[in-house]
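Below is one structure, written out as structure tokens; comments come after it.
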Amino acid sequence: MKDVAAVAGVSLATVSRVVNGRDDVRRDLQERVRRAIDHLGYRRDLTASTLRRADRASSIIGLVHEDVSNPFFAAVHRGVEDVARRRGVLTISGSSDEDPERERELAEAFAARGVDGLIIAPCGTDQSYLASERARGTRLVFVDRAPRGIEADAVRSDNFAAATAAVAHLIGAGHRRIAFLGDRPDILTAADRLRGYRATLADAGIAHDPALERLGCSSEALAARAAHELLDGPSPPTAFFSAQNLITAGTVRALRALGLARTVALVGLDDLVLGDLLDPGITVVRQDPVALGRHAAELLFARLDGFDGPARTIVLDTELVARGSGEIAPSVVGA
């Protein structure tokens with residue numbers, strides 16, 4: 001900065017005001033400073049700036065989610081980033097791959113690098129390890145899933161109600177043999193969706209059949225394999241409730257490979273990229289992942305702005321979108 005000031009012929013304070021975006025510098029002086037910056041290749045040292053600040057704020061927040069390649073979590077990131085950008089704050093993120101150790105590793109790594117706050121989609125069964133980070137001043141908010149082992153702000157969808165809506169829709173179309181394809185039951189969202197599936201069947205007087213449930217479908221390929229197994233069985237389902245977007249994609253692949261896309265009904269939870277362009281279109285219970293991210297960021301910035309009240313939870317509604325696959329009437333598969 002001293003070199004920039006010398007080349008521009010201005011004071012160090014003037015250079016500081018320009019690089020920090022202050023608008024109380026004459027336009028001609030701003031231009032001289034910018035020309036000197038370009039000439040010298042100067043780059044602001046944000047780390048040094050942070051160390052000089054009394055509050056040690058880095059203007060960076062960390063986001064830990066399942067998988068950056070999953071469109072759902074990419075949209076959550078978008079919502080977080082939209083809010084952070086308006087505040088002049090940078091968002092950095094990492095994928096836990098549904099591995100509790102990786103979740104902890106990322107959270108602690110971000111905290112060690114001085115982020116002001118963390119937004120986490122937890123996959124482990126205990127987030128109490130974050131108590132020490134919060135004691136050091138790192139603000140915490142959880143998104144998509146509630147934390148366990150620590151009280152903290154959270155934003156999530158009503159997953160039980162979403163599952164209820166999906167299964168009730170299939171029952172309304174006449175189905176009684178409805179298969180469930182879900183993720184690991186120790187994941188809170190997956191557990192809520194399984195509970196909603198079972199409760200809705202019970203409310204309709206449909207007996208629980210464990211043979212129609214497949215858990216641990218943690219990838220599109222595993223979901224496709226599970227759907228194939230069910231459809232090749234002696235008493236196949238006439239409908240599927242697929243409880244996550246990648247699971248829905250795998251189910252669609254299985255149905256199309258077997259020529260059953262127009263015979264077996266399907267309702268997915270989470271929207272599917274291009275799901276409306278398939279034939280039939282994929283009926284889904286849609287969450288709003290951008291809103292999840294936006295609300296999570298707003299809760300985090302409220303904490304950073306000084307809010308010190310009790311933990312708050314925001315629960316967002318979901319929406320059933322009928323496109324064709326969920327309205328297929330039951331038939332005997334393979335007949």
Side-chain angles (χ1 to χ4, degrees), residues 66-67 69-73 97-99 123 145 159-160 162-167 169-171 173 175-202 206-275 278 280-285 287 324-326 328 330-335:
E66 177 201 351
D67 184 357
S69 68
N70 186 327
F72 177 85
F73 284 105
D97 298 323
E98 294 290 19
D99 180 348
C123 60
R145 307 159 185 173
N159 289 284
F160 182 88
T164 296
V167 178
H169 189 73
L170 290 168
I171 293 171
H175 295 277
R176 297 185 69 81
R177 288 195 58 76
I178 302 169
F180 174 88
L181 299 182
D183 210 330
R184 298 192 334 251
D186 60 309
I187 298 172
L188 284 175
T189 49
D192 285 345
R193 294 166 189 180
L194 178 59
R195 285 195 307 109
Y197 161 80
R198 290 175 175 173
T200 309
L201 293 179
I206 300 173
H208 175 234
D209 184 353
L212 290 175
E213 294 179 0
R214 293 292 186 276
L215 308 180
C217 300
S218 56
S219 70
E220 185 177 324
L222 288 174
R225 187 184 309 164
H228 269 283
E229 291 173 357
L230 285 164
L231 292 166
D232 288 339
S235 184
T238 62
F240 281 92
F241 168 45
S242 54
Q244 190 244 36
N245 60 345
L246 299 182
I247 296 174
T248 301
T251 308
V252 169
R253 287 187 182 278
L255 291 173
R256 294 176 72 85
L258 295 170
L260 296 174
R262 292 182 171 275
T263 304
V264 177
L266 168 65
V267 177
L269 204 159
D270 296 337
D271 212 347
L272 189 67
V273 176
L274 303 181
L278 297 175
I282 307 304
T283 296
V284 298
V285 178
Q287 299 187 76
S325 70
I328 296 171
S331 62
V332 178
V333 178

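Worth knowing before you read on, the calculation uses all heavy atoms, side chains too, and leaves out hydrogens, waters and symmetry mates. Positions are given from 1 along the sequence.
- Note that NE2 of His169 is 5.0 Å distant from OG1 of Thr283, once rounded to the nearest 0.5 Å.
- Salt bridge absent: Glu66 and Arg184 never bring a charged side-chain N and a carboxylate O closer than 4.0 Å.
- When every heavy atom of Ala226 is checked against every heavy atom of Cys217, the shortest pair comes out as CB-SG, 4.0 Å.
- Heavy atoms only, all atoms of each residue included: Ala223 and Leu181 are closest at O-CD1, 4.1 Å.
- The shortest heavy-atom contact between Arg177 and Pro236 is NE-O, 3.4 Å.
- Environment of CZ in Arg195: crowded, with over 12 heavy atoms of neighbouring residues, nucleotides or ligands closer than 6.0 Å.
- Summarising the geometry of Ile247 relative to Asp183, their closest heavy-atom pair is CD1-N, 3.8 Å, with the distance given to 0.1 Å.
- For Arg253, the CZ atom sits in a loose shell: 12 or fewer heavy atoms of surrounding residues, nucleotides or ligands are nearer than 6.0 Å.
- Taking CD1 of Ile328 as the reference point, atom CG of Leu170 lies at 10.0 Å (rounded to 0.5 Å).
- Scanning all heavy atoms of the two residues, the minimum distance from Leu272 to Val284 falls at N-CG1, 4.5 Å.
- Closest non-hydrogen pair, Ala163 versus Gly196, comes out as CB-CA, 3.9 Å.
- The OG atom of Ser219 sits 7.5 Å away from the CZ atom of Arg225 when rounded to the nearest 0.5 Å.
- The CZ atom of Arg176 sits 12.5 Å away from the CG atom of Leu212 when rounded to the nearest 0.5 Å.
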